[in-house]
Amino acid sequence: MATAAPFVGTQKNSTLRTSSTTRPRPVNCSAADRKLWAPGVEAPSYLDGSLAGDYGWDPMGLSSDPKAFAWFRQAELVHSRWAMMGVVGILGQEILNPDVFWYEAGLPKNLPEQVSGLNLGGILAFEFCMMHYVEVRRWQDFKNFGSVNEDPVFKGNSVPNEVMGYPGGIFDPFGFSKGKDLEDLKTKEIKNGRLAMVAWTGFALQAQATGKGPIACWKDHLADPFVSNITANIGTCVIPDSVDVGGVNIPLYCLWPGQ
């Protein structure tokens, strides 16, 4: 499960305000009390089931520190949401435009004509600045919950942000957070997000080892499951060592153990 390293600073004359859904109370839980990751196991005292998707799984004890635990949950939510969008994008790319390999879809030669002449270095710099800005805002909300609810430019516009990680308002156009099944939706979101993180990693490794998208790999496996499988691709990496983007040579690395 992909998580970011804890990013927790010190803070004087203030306390970290989180809801009961982000900071658990220390109680002991067993398989008889709730669903756990395996029958008969006992959950750590700090995993009390108050968080959506908590099944008592933390073999390395990474979440024993309450502050680190709160940050890990926010990191997991963000990674999950990005992964879900990424998986949908990869599958959509292969379905709608199968002639373009999703792993190379961002290369200048594969971009639409309307944007092919744009300075990709400038776009990358702009994207870096914007992502840095929103991540800093997210960290500020973690340090002082509710401190960034108001729009910094259009004063008066704000989000309810009653629970950290679920701001509501403009980020909930269909009003799902106002229903009685919000906790159930949180659980569904984190479950799908965890699956998406695993799926995205699989898509990337498949692409590096075979040079094909997930749907093409799936078809190959169905056609000959004893030949087209994970064991047949160990030690294979088809991506180049580097790629030229707008005159900038970018080195590439194979996550899959290749040749």
Side-chain angles (χ1 to χ4, degrees), residues 1-11 14 16-18 22 67-68 70-90 92-93 100-161 163-173 189 193 196-197 200-201 203-204 207-208 239-253 255:
M1 181 168 61
T3 55
F7 186 19
V8 182
T10 58
Q11 188 174 8
S14 62
L16 178 67
R17 295 195 294 120
T18 59
T22 57
K67 288 186 177 181
W71 176 255
F72 286 152
R73 169 39 59 109
Q74 298 310 306
E76 183 181 33
L77 277 174
V78 170
H79 282 92
S80 293
R81 290 162 180 170
W82 278 116
M84 285 189 282
M85 289 192 291
V87 166
V88 171
I90 291 170
Q93 153 75 34
V100 176
F101 179 32
W102 76 265
Y103 203 85
E104 300 176 343
L107 292 178
K109 65 179 182 180
N110 294 323
L111 293 177
E113 185 179 350
Q114 295 83 348
V115 297
S116 60
L118 295 178
N119 187 320
L120 295 183
I123 294 176
L124 179 62
F126 176 78
E127 181 180 292
F128 177 83
C129 292
M130 293 295 97
M131 289 298 297
H132 177 73
Y133 172 74
V134 297
E135 281 297 293
V136 168
R137 297 274 293 179
R138 188 169 69 87
W139 176 66
Q140 288 175 332
D141 187 57
F142 176 79
K143 282 186 60 181
N144 186 14
F145 181 52
S147 62
V148 294
N149 287 358
E150 186 178 49
D151 191 309
V153 178
F154 302 98
K155 301 296 183 180
N157 294 332
S158 62
V159 293
N161 199 22
V163 180
M164 188 179 295
Y166 303 91
I170 192 174
F171 297 102
D172 183 23
E189 179 190 37
M197 286 189 283
W200 188 92
T201 303
F203 290 176
Q208 293 179 349
I239 63 172
D241 295 330
S242 63
V243 63
D244 184 271
V245 178
V248 178
N249 188 269
I250 302 176
L252 302 178
Y253 301 95
L255 301 176

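Note: hydrogens, waters and symmetry copies are ignored here, and every other heavy atom, side chains too, is used. Just so it is clear, the structure is predicted and the values come from calculations on it, not from any experiment.
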Enquirer: Which atom pair, heavy atoms only, marks the closest approach of F171 to P173?
Expert: C-CD, 3.5 Å
Enquirer: Just jot down the side-chain hydrogen bond (donor to acceptor under 3.5 Å, both in side chains) partners of R138, sequence neighbours excluded, or say none.
Expert: E135
Enquirer: Could you measure the distance from the CH2 atom of W82 to the CG atom of L77? Nearest 0.5 Å is fine.
Expert: 14.0 Å
Enquirer: Looking at G193 and S80, what are the two nearest heavy atoms and their distance?
Expert: CA-CB, 3.5 Å
Enquirer: Strictly by salt bridge (charged side-chain N to carboxylate O under 4.0 Å, His left out), give each pair with a member in residues 117-134 just once, sequence neighbours left out.
Expert: none
Enquirer: Rounded to the nearest 0.5 Å, how far does OH of Y166 lie from CG of D172?
Expert: 12.0 Å
Enquirer: CG of D141 to CG of N149: how many Å apart, nearest 0.5 Å?
Expert: 6.0 Å
Enquirer: In Å and rounded to the nearest 0.5 Å, what is the CG to CD1 distance from L255 to I239?
Expert: 7.5 Å
Enquirer: Is there side-chain contact between F101 and N110, with at least one heavy-atom pair below 4.5 Å?
Expert: no
Enquirer: How far apart are the closest heavy atoms of A105 and Q93, and which atoms are they?
Expert: CB-OE1, 4.0 Å
Enquirer: Does the Q140 side chain pair with the main chain of S147, one donor and one acceptor, at a distance under 3.5 Å?
Expert: no
Enquirer: First locate atom CZ of F126, then atom CG of L124, and finally report the distance between them rounded to the nearest 0.5 Å.
Expert: 12.0 Å
Enquirer: Taking all atoms of both residues into account, what is the closest heavy-atom pair of V243 and L107, and its distance?
Expert: CG2-CD2, 3.3 Å
Enquirer: Does atom CG of N249 have more than 12 heavy-atom neighbours from other groups under 6.0 Å away?
Expert: yes
Enquirer: Could you give the distance from CE (M164) to CH2 (W71), rounded to the nearest 0.5 Å?
Expert: 9.5 Å
Enquirer: Tell me, please, whether F142 has R73 positioned over its six-membered ring: NZ or CZ under 6.0 Å from the ring centre and within 45 degrees of its axis?
Expert: no
Enquirer: If you take all heavy atoms of Y103 and A207, which pair is closest and at what distance?
Expert: CD1-CB, 3.6 Å
Enquirer: How close do P160 and G168 get, heavy atom to heavy atom, and via which atoms?
Expert: CD-C, 3.9 Å
Enquirer: Please tell me if the side chains of R137 and Y133 come closer than 4.5 Å, counting only heavy atoms from C-beta onward.
Expert: yes
Enquirer: For I250, look at atom CD1 and say whether over 12 heavy atoms of other residues, nucleotides or ligands are found less than 6.0 Å away.
Expert: yes
